[in-house]
Amino acid sequence: QQQVKQSPQSLIVQKGGISIINCAYENTAFDYFPWYQQFPGKGPALLIAIRPDVSEKKEGRFTISFNKSAKQFSLHIMDSQPGDSATYFCAASSDAGNMLTFGGGTRLMVKP
Amino acid sequence: DTEVTQTPKHLVMGMTNKKSLKCEQHMGHRAMYWYKQKAKKPPELMFVYSYEKLSINESVPSRFSPECPNSSLLNLHLHALQPEDSALYLCASSQVGAMNTEAFFGQGTRLTVV
């Protein structure tokens, strides 16, 4: 059972545009929602994370929007750059479980 | 130091070989993880160690044998692997307990079984 569904699987955006990746979860026990960025041949690196007590978190060009009632969260990348081209994974965890459940991933390509 | 170091970076092994993957962190994290990642897929959890004790084994075949010698080190012993076990093996670490479950990943070991 896939507990975190991520869309789209792939995304092409022009330089300077906005990249939007969406995730939906099922397990209401989840209370920590990180986004990871992974470049080819590298391990995932934490990009930004949110807890359900806030609806939005912004760090530089990256923003997470969180909708607890809909059990959905999304990553917005403003002013997308070619260097942002990577695979992005949303994830979720609960403090009780201390383990991450990943979404399926989104391959982002930002065209110059 | 927020680094998780994995060695080797690349490994090619035959199906009859025995090899080990190593992972080290010095962030004081007491939870350590092994993940397996196939191409174009998300990481899949294999094992979780919490306070140096195996707390989660996600039904991994016995040809994979984890070991946590101390709070900074995590090993994955490999024996009699199959070609389908070829993948990127990722180690991660995090704090144990509430409100702080940020996980740091290593760069991975690219394993090829021939």
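Numbered from 1 within each chain, the chains take letters A, B, ... in sequence-line order.
B/Pro69 is linked by a side-chain contact (heavy atoms from CB on, under 4.5 Å) to B/Glu67, B/Leu73, B/Asn75, counting only residues two or more places apart in sequence or in another chain.
Within a 6.0 Å radius of CZ in B/Arg30, more than 12 heavy atoms belonging to other residues, nucleotides or ligands are found. Crowding of B/Gln82 atom CD: a count of heavy atoms from other residues, nucleotides or ligands under 6.0 Å exceeding 12.
In terms of heavy-atom pairs under 4.5 Å with chain A, the best-connected choice from B/Gly106, B/Pro42, B/Ala39, B/Gly108 is B/Pro42.
For the pair B/Glu102 and A/Leu100, the minimum side-chain heavy-atom distance is 4.5 Å or more.
Of all non-hydrogen atoms in B/Pro43 and A/Pro44, the two that sit nearest each other are CG-CG, 4.2 Å. The shortest non-hydrogen separation linking A/Phe89 to B/Gln37 is CZ-NE2, 3.6 Å.
Legend: side-chain hydrogen bond (donor to acceptor under 3.5 Å, both in side chains) pairs involving residues 39-48 of chain B, not counting sequence neighbours: none detected.
The part of A/Gln38 that comes within reach of chain B is its side chain, from C-beta onward, which places non-hydrogen atoms under 4.5 angstrom from that chain. Proximity to chain B (any heavy atom under 4.5 Å) is shown, for A/Pro34, by neither the backbone nor the side chain.
Taking hydrophobic clusters as Ile, Leu, Val, Met, Phe, Trp and Tyr residues chained together by side-chain heavy-atom distances below 4.5 Å, A/Val110 does not share a cluster with A/Ile18. In this structure, B/Met13 is not a member of the same hydrophobic cluster as B/Val114, with clusters built from ILVMFWY side-chain heavy atoms closer than 4.5 Å.
Rounding to the nearest 0.5 Å places OG of B/Ser94 at 11.5 Å from CE of A/Met99.
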